[in-house]
Colleague: 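Quick one: structure below, then a few questions.
Chain letters run A, B, ... following the sequence lines, proteins first, then strands; residues in each count from 1.
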Number of protein chains: 2
Amino acid sequence: MAITIAASSETDYVEGMPRKTDARARAIATAERLFRIQGYTATGLTQIIEESGAPKGSFYFHFPRGKAQLAEEAIDQYVAARIAVLRNISAGTAGDALNFVQQIFRTFAAEMVASDFQYGCLMQNLANELPALDAELTKRVARGFVDSTEIVAEHFRGCGFTPARASSTAAALVAALEGARTIARLERTPAIFEALAEVGVQRWAAAER
Amino acid sequence: MAITIAASSETDYVEGMPRKTDARARAIATAERLFRIQGYTATGLTQIIEESGAPKGSFYFHFPRGKAQLAEEAIDQYVAARIAVLRNISAGTAGDALNFVQQIFRTFAAEMVASDFQYGCLMQNLANELPALDAELTKRVARGFVDSTEIVAEHFRGCGFTPARASSTAAALVAALEGARTIARLERTPAIFEALAEVGVQRWAAAER
DNA sequence: CCCTTTCTATGGTGATCGCCATAGTATGGC
DNA sequence: GCCATACTATGGCGATCACCATAGAAAGGG
């Protein structure tokens, strides 16, 4: 998969020597972490370089287009991971809409607890600083939401939902998840995820069929 | 209400001359607008002062504690306005949960369309930059969510919901609203609000009784 | 051996950040 | 007329911002 990531990057080294260090990958991972905690503008390159332990001198060798490119690669990685998680849950709850939804809430809540409620959603953080983003980065953020929603909608269709209902339910679920992240960070409690789960149970218990 | 705002501010001038200009109020309004569009860190004091037309020299006269104080007053104003809107909708749909929810979605969607999808939620934007905020500001953001949610929960209790169900439903609604804002900004479409409305209709049409 | 390629080090660019000290004008109360 | 208060203007503080130019080390391929 390292090949896939390198191919999605725009800096494709035309058949050169193999990478010697992991400084590049560590910079991306650190950027993803800090962008999620602090936001895009509030995170300086200095901090990213320091915390990733990467050498200061080679940053623009690895990322010729600077901070924007770093953010692009970070979000590609983030979206890929998020989609993998959703696919995984979907596969484990095939045909069962309620279980699927509950499992998603549980997983996201657990992730927040694990980070002591420090991590936000990278897509959301970037979306809240749109004027600071160039067109390419904005496009990737938007695509991240579209792709995430599509995974969810696909599952609902597999549960017998009409395509229209699957889409709107998926969109609503994704929106609720994003909002829940924000609120959970402030309250430092997974309570909001439990509230969403309860509402979901009521919904399906009464409306399903 | 000007007195209320001045009293909530920490810089209470002990019985001096009345205000002579509206530079202070304009600075707060401009800060609210820019923080909603660009975020907190990404918005510089220079820009706020310029766009508000306020004189550069008197900023720290009006806001001795600087940017943090400006943000506190901006969010107080934002939360107060938001609560007023919610109360208003609640009063107009007393006893009718479905209508209440639909009206909220419509109102928020219209607000986003009116701003050409540029405005985010101030509370959410600040919540995504928590490490840059001091304790006081963080507290006010968190309180904004609690208070908003309570207004909604109160309405649901007025519709015969049990307190527990009213609370969880209100929390879920607020979360969905926040997420919808983020997504609408990216898609530049009120579609997500309509999706939420549809899901709400299905929910009540089948579960309510 | 040399050359290409990968990667690092140093040091600085100009711009902007939030903040503040100093000084000055305007205006109403007394 | 005097003085306190309300407000503005100027200029610069040190720090940090993203970015880059120059130089060179390390290492595998020919």
Colleague: Are B:R36 and B:E111 close enough for a salt bridge, meaning some N to O gap below 4.0 Å?
Modeller: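 B:E111 and B:R36: salt-bridged.
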
Colleague: Give the B/S/- string for nucleotides 15-24 of chain C, one per nucleotide from 5' to 3', where a protein heavy atom under 4.0 Å of the base yields B, of only the sugar-phosphate yields S, and otherwise -.
Modeller: --SSBB----

Colleague: Is B:K67 positioned over the aromatic face of B:Y40, cation under 6.0 angstrom from the ring centre and no more than 45 degrees off axis?
Modeller: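 The answer is yes, since B:K67 meets both limits relative to B:Y40.
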
Colleague: Rounded to the nearest angstrom, tell me the gap between atom CZ in B:F61 and atom P in C:dT25.
Modeller: 17 Å

Colleague: Tell me the interatomic distance from B:I49, atom CD1, to D:dT8, atom P, rounded to whole angstroms.
Modeller: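 To the nearest whole Å, that distance equals 11 Å.
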
Colleague: Passes salt bridge (Lys or Arg N to Asp or Glu O under 4.0 Å), A:R33 versus A:E51? Steps please.
Modeller: CA-CA 10 Å; A:R33 204 186 87 242; A:E51 295 201 13; 2.5 Å; yes

Colleague: Are any of the side-chain nitrogens in A:R165 or B:E198 under 4.0 Å away from the carboxylate oxygens of its partner?
Modeller: no

Colleague: Is A:R82 salt-bridged to A:D147, cutoff N-O under 4.0 Å?
Modeller: no

Colleague: For D:dT8, take OP1 and OP2 only and decide whether either is under 4.0 Å from a side-chain N or O of B:S58.
Modeller: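 It does, given that an N or O in the side chain of B:S58 lies less than 4.0 Å from OP1 or OP2 of D:dT8.
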
Colleague: In whole Å, I'd like the distance from the CD1 atom of A:I48 to the P atom of D:dT16.
Modeller: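 Distance, rounded to whole Å: 16 Å.
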
Colleague: Is the count of non-hydrogen atoms from other residues, nucleotides or ligands lying under 6.0 Å from A:R106 atom CZ greater than 12?
Modeller: yes

Colleague: Just to confirm, is there a sub-4.0 Å distance from OP1 or OP2 of D:dA6 to any side-chain nitrogen or oxygen of B:H62?
Modeller: no

